[in-house]
Amino acid sequence: MAPEILLVRQRDGYRVLHGHLHLASVMSTLGEAMVEASGEGKVKVSKTADGIVIGDQHRRLPLLMSAQQK
């Protein structure tokens, strides 16, 4: 079974590999979600004043924009 939202780690952040629209919908309604990160398992995605970040209070990394969004 494929996860609804899949992130992949890329250098100093994460990119959405699958489920862009689903993640956008969840972030606009709830502001946070637990999603699958390739090779890492479940990670917490939170909407903050600085943007969308992945991780807990001690280790946070940004959700990077795709090339089309730049």
Side-chain angles (χ1 to χ4, degrees):
M1 184 171 119
E4 293 181 22
I5 302 169
L6 179 62
L7 304 179
V8 64
R9 180 86 175 264
Q10 186 174 14
R11 286 179 248 121
D12 55 351
Y14 288 86
R15 294 202 186 273
V16 180
L17 193 60
H18 176 76
H20 294 85
L21 294 176
H22 189 122
L23 181 60
S25 174
V26 170
M27 290 292 100
S28 69
T29 57
L30 301 176
E32 66 179 39
M34 294 297 290
V35 302
E36 191 72 26
S38 181
E40 296 182 39
K42 295 277 185 182
V43 295
K44 184 177 181 179
V45 179
S46 304
K47 189 176 189 179
T48 69
D50 297 326
I52 297 176
V53 293
I54 293 88
D56 57 24
Q57 297 288 359
H58 303 290
R59 192 188 103 198
R60 293 182 144 192
L61 294 172
L63 184 63
L64 303 170
M65 291 191 311
S66 66
Q68 295 104 4
Q69 293 174 325
K70 288 184 181 179

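By convention here, the first residue in the shown sequence is residue 1.
Here S46 contributes atom OG and M34 contributes atom CE; the two are 9.0 Å apart, rounded to the nearest 0.5 Å. Here H20 contributes atom NE2 and L6 contributes atom CG; the two are 10.0 Å apart, rounded to the nearest 0.5 Å.
L61 belongs to a hydrophobic cluster whose other members, connected by ILVMFWY side-chain contacts under 4.5 Å either directly or through intermediates, are I5, L7, Y14, V16, L23, V26, M27, L30, V35, V43, V45, I52, I54, L63.
Under the salt bridge (Lys or Arg N to Asp or Glu O under 4.0 Å) criterion, the residue pairs touching residues 39-50 are R9-E40, E32-K44, E40-R59, with sequence neighbours excluded. Screening residues 22-31 for salt bridge (Lys or Arg N to Asp or Glu O under 4.0 Å) gives no qualifying pairs among residues at least two apart or on separate chains.
Contact between P62 and D12 at its shortest, heavy atoms only, is CD-O, 3.3 Å.
Between the side chain of S25 and the main chain of L21, no donor-acceptor pair closer than 3.5 Å is present.
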